Undergrad: 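Below is the structure I would like to discuss, written out as structure tokens.
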Amino acid sequence: MNDSVRVRFAPSPTGHLHIGGARTALFNWLFARHHGGTFILRIEDTDTSRSTDEYIQAIIEGMKWLGLDLDEGPFRQTARFDIYRSYVDRLLAQGKAYRCYCTPEELEQRREQALAEGKNPKYDGRCRNLPRNLTAQSSEKPFAVRFMMPQDGTTVLDDMIKGRIEFDNSLLDDMIILRSDGSPTYNFVVVVDDIDMKITHVIRGDDHVNNTPKQLHIYLAFGWEPPKFGHLPMILGADKSRLSKRHGATSVMAYKDMGYLPEALVNYLVRLGWSHGDQEIFTIEELVKYFSFDNVGSSAAVFNPEKLIWLNSQYMINTSAEKLAELVLPFLEKSGLIADGTVPDMHWLAKAVYTLRERAHTLVELAHSMTYYLADKVEIDPKAKEKFMKPEGLKLLADLRNALAELSDFSAQEIEKTFGAIVGKAGTKLGSLAQPARVAITGGTASPGIFEVFEIVGKDKVLRRLDKAIGGG
RNA sequence: GGUCCCAUCGUCUAGAGGCCUAGGACAUAGCCCUCUCAAGGCUAAGACACGGGUUCGACUCCCGUUGGGACUACCA
């Protein structure tokens, strides 16, 4: 390969950036970065009835969040209709395309009939051989433009991922390249644009494999050298059907809202179809360095949320407490634990986050688990109370409370010594004090080390919660 | 229906004809660590879809069967 690699991600803005699209974008991006090439975003909005500006923004936002930076674009196809028209005219003039006066209704009817008779619903080519003068005369009638496909022979696609694939030309339809409203269609514009933008490698989902021979013939008709193709296998849901909303969240930004780190999602997505030996966790630099289509598999992959969660927790553990504190802030505001606009003591927050980061799998969980650090009061879980708030425990708690009140240095270290002294005097194990203490301060039976928790909650709140617990609250 | 693609543990995958008694990761179970919960460590269970070839030898190559998926629009 050389340094002039140019690739594009070409979504249609009919929805948010979803998991499958994100992976296609990622593989394009990695390929471009690996080769020091150019990554382009092209918006395929020729279906004006389904495309919206809002979704264009959503797609850009999703890519930005994932860190897939653009070198060129976004280009919009709706801004290029004149260009496509001129190419259609060229084909028409050369007799490589023709006007079709069949109406969509007629076409649909014939299609259904063919299907009902078990025949191929291929266009019958009835407008193919209309005399030229007739087509000129009836130009006031609405027409679409069809591309004249070869009727025999085979077309070969040499795919970077799937290898050599042969197609029988007789099965190819004279597809419409220009609708009767004058707008061009996908299979045509994709070719014109890929040439126009000097795309060297077309990397897309393998739902496009069957489009490729049609597109190849358009390259041929213009005398253009086609780019290389790489068709990525699909991502499926747990039931092995195409990933959709039924399988849970599919939009990339939904994962942001659920508290995933973009690096974790990227790492997860890249392992769907690509591998580098036994390695599971990669930095972006490593991905760029190692990425190659030699290691891209050709079978579809099932999206497995559990592994994503594991990866996310790995990334959280390896993110600095300071950084995590910043990241969790919006989630704390969202959950109401911190009032909007209030700036907490970030040093304190980082300390709190540090104790929790290997216990939470997502930022949402992290924020939620900080309740007892941030809230004024905690609610005691009835089951925990019943199990640990027995007379012996309460007695120890009272001793603890009195000793703690004397502490001027309310640090984990001093707190631990205090616990030790009380337990030692009572001749019991640490657990018999630590658990009641945990329940009193956190409201539950699971938390980080109790000494750290005490320090972070702070002396005032600790004493107050202890008092309340001892008093039977 | 037709065309095309795909096929290793439940899931993601390693595997380039002998390195395979099929490796790793997630999930599951047990143990260890331990103030609880995690994290971490160790262990267990768990797969080459099936049938034919080719070969001295097939997870690996070929063919078929079965199963899954995609496409088959004046959608992209």
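What you see is a predicted model; the values in this text were computed from it and never measured. So that the names make sense, note that chain A is the first sequence line, chain B the second, and so on, each numbered from 1.
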Undergrad: Using the side-chain heavy atoms of A:Ala301, tell me which of these nucleotides is nearest: B:C5, B:U13, B:A39.
TA: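 Given the options B:C5, B:U13, B:A39, the side chain of A:Ala301 is closest to B:U13.
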Undergrad: Across the strands shown, which category fits A:Thr103 at heavy-atom distances under 4.0 angstrom: base, sugar-phosphate, nothing?
TA: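 Here A:Thr103 touches the bases of the nucleic acid.
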Undergrad: Only counting residues at least two apart or in another chain, list the ones meeting side-chain hydrogen bond (donor to acceptor under 3.5 Å, both in side chains) with A:Asp124.
TA: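 side-chain hydrogen bond (donor to acceptor under 3.5 Å, both in side chains) check on A:Asp124 returns A:Arg126.
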Undergrad: Identify whether any heavy atom of A:Cys100 sits under 4.0 Å from a base atom; if not, whether one sits that close to sugar-phosphate; answer base, sugar-phosphate or nothing.
TA: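 Result for A:Cys100 = nothing.
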Undergrad: Taking the nucleotide of RNA chain B with the nearest heavy atom to each, does A:Lys214 or A:Tyr186 sit closer to the 5' end?
TA: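 It is A:Lys214 whose nearest nucleotide is closer to the 5' end.
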Undergrad: Strictly under 3.5 Å: I want the nitrogen or oxygen pairs between protein and nucleotides 15-21 of chain B, one per line.
TA:
none

Undergrad: Strictly under 3.5 Å: I want the nitrogen or oxygen pairs between protein and nucleotides 62-70 of chain B, one per line.
TA:
residue : atom : partner  : partner atom : Å
B:A70   : O3'  : A:Arg242 : NH1          : 3.3

Undergrad: Among all residues two or more places apart in sequence or in another chain, which pass the side chain to side chain contact (heavy atoms under 4.5 Å, CB included) test with A:His16?
TA: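 A:His16 satisfies side chain to side chain contact (heavy atoms under 4.5 Å, CB included) with A:Tyr55, A:Ala58, A:Ser251 only.
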Undergrad: Is it the case that the base of B:A76 and the side chain of A:Asn211 share a donor-acceptor contact (distance under 3.5 Å, atom types as modelled)?
TA: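 Per atom types, the contact qualifies.
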Undergrad: Return no unless some side-chain N or O of A:Thr185 is found under 4.0 Å from OP1 or OP2 of B:A73.
TA: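 The answer is no; no side-chain N or O of A:Thr185 sits under 4.0 Å from OP1 or OP2.
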Undergrad: Checking base pairs now: Watson-Crick or wobble, both atom distances under 3.5 Å. What partners B:G67?
TA: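 The answer is B:C6, by the H-bond criterion.
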Undergrad: Under 4.0 Å, heavy atoms only, any strand: does A:Ser298 hit a base, just the sugar-phosphate, or nothing?
TA: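 A:Ser298: backbone/sugar contact only, no base atoms under 4.0 Å.
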Undergrad: Hey, is the side chain of A:Gln215 poking within less than 4.0 Å of OP1 or OP2 on B:A76, counting only N and O atoms?
TA: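 Negative; the distance criterion is not met.
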Undergrad: Return no unless some side-chain N or O of A:Arg111 is found under 4.0 Å from OP1 or OP2 of B:A73.
TA: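 It does, given that an N or O in the side chain of A:Arg111 lies less than 4.0 Å from OP1 or OP2 of B:A73.
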Undergrad: What nitrogen or oxygen pairs link the protein and nucleotides 46-50 of chain B at under 3.5 Å?
TA:
none

Undergrad: Can you check each nucleotide of nucleotides 23-38 of chain B against protein heavy atoms at under 4.0 Å and return B for base, S for sugar-phosphate only, - for none, in 5' to 3' order?
TA: BBBSS-------BBBB
